[in-house]
2 protein chains.
Amino acid sequence: MNGKWKILILKELIRGPVRFGLLNKAIPLISSKVLTQQLKELEKDGLIIRTVYAEVPARVEYNLSEMGTSMLAILTEMRKWGLHNDSLHPVKCSYCQQCEPLNKA
Amino acid sequence: MNGKWKILILKELIRGPVRFGLLNKAIPLISSKVLTQQLKELEKDGLIIRTVYAEVPARVEYNLSEMGTSMLAILTEMRKWGLHNDSLHPVKCSYCQQCEPLNKA
DNA sequence: CTGTATCCTAGCCGATACTG
DNA sequence: CAGTATCGGCTAGGATACAG
């Protein structure tokens, strides 16, 4: 699981299905090229699921797979341990906003 | 916490103080240069403690710090999740050997 | 035994432009 | 909207030799 942005991506996906463009907005510093790359790798690793809707304009949504969801336990442990990986992140992800009270404790 | 071998190193240190050479034997595919590098970073991050004994020949031992020990929770979660990082590892580390029964369950 | 010092390479990552 | 294509820089990590 290398990949500079993967943990951030997974954290964004916690709130549910997210479209490509929204992901890119949520993580502005990532280029679409790299975002695509890392999403593909996450999909190949079985962590996320890619769903294409036959619409115009195109619409693609990404979900956590069951395996990806089960990885939340790791993220939770990391959070307890103080590892937030937010140094890279210009804006707070929804996950972190939710967990803020926990951080303070 | 980037570093290809760091999780492996931490897992080796679970069993207690380990010398440089033993670490290098336990993880044969790592070069001493990279091992040194990653150990230094782990030390700087406060995860491990380096102890030098004024002996000849030189003897250096590495321990998990309290912070490093607290990281075991993450490793445990990773284990549950199936992430062993053993694809890289030619031989089973002591941690994995101990946890084998758990793996089967 | 425990590292350094060099040199070198693969591949990650960023920027930009372009496509169905 | 959701990506590809292309180019290019940087650096983590590998090989090897050497040092205290």
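So that the names make sense, note that chain A is the first sequence line, chain B the second, and so on, each numbered from 1. Note that the coordinates shown come from a computational prediction; the quantities given were computed from them, not determined experimentally. Every heavy atom of this structure was used, including side-chain atoms; hydrogens, water molecules and symmetry mates were not.
Of all heavy-atom pairs between A58(B) and R19(B), the closest is O-NH2, 3.5 Å. When all heavy atoms are compared, the tightest approach of I30(B) to N24(B) is O-ND2, 3.1 Å.
Partners of K40(B) according to the side chain to side chain contact (heavy atoms under 4.5 Å, CB included) rule, which considers only residues two or more places apart in sequence or in another chain, are T36(B). In this structure, the side chain to side chain contact (heavy atoms under 4.5 Å, CB included) partners of E43(A), at least two apart in sequence or on a different chain, are I48(A), R50(A). For E66(B), there are no side chain to side chain donor-acceptor pair (under 3.5 Å) partners, not counting sequence neighbours. When the side chain to side chain donor-acceptor pair (under 3.5 Å) test is applied to E41(B), the partners found at least two apart in sequence or on another chain are K6(B).
Straight-line distance from the CG atom of L22(A) to the C1' atom of dC1(D): 13 Å, rounded to whole Å. Taking atom CG of L35(A) as the reference point, atom P of dA5(D) lies 17 Å away to the nearest angstrom.
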Write out a two-atom table: protein N or O, nucleotide N or O from nucleotides 14-20 of chain D, distance below 3.5 Å.
residue: dG14(D); atom: OP1; partner: K4(B); partner atom: NZ; Å: 2.8
residue: dG14(D); atom: OP2; partner: W5(B); partner atom: NE1; Å: 3.1
residue: dG14(D); atom: N7; partner: K33(B); partner atom: NZ; Å: 3.4
residue: dG14(D); atom: O6; partner: K33(B); partner atom: NZ; Å: 2.4

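Of all nucleotides in DNA chain C, those with any atom nearer than 4.0 Å to a heavy atom of chain A start and finish, going 5' to 3', at dC13(C) to dA15(C).
Axis angle across the helix from dC1(C)-dG20(D) to dG20(C)-dC1(D), with five pairs used at each end and values rounded to 10°: 50°.
Considering only side-chain N and O atoms, Q37(A) lies nowhere under 4.0 angstrom from the phosphate OP1 or OP2 of dT4(D).
Within the 4.0 angstrom heavy-atom criterion, only backbone atoms of the sugar-phosphate kind lie near Q38(A); the bases stay farther away.
A heavy atom lying under 4.0 Å from DNA chain D marks none of the residues of residues 50-57 of chain B.
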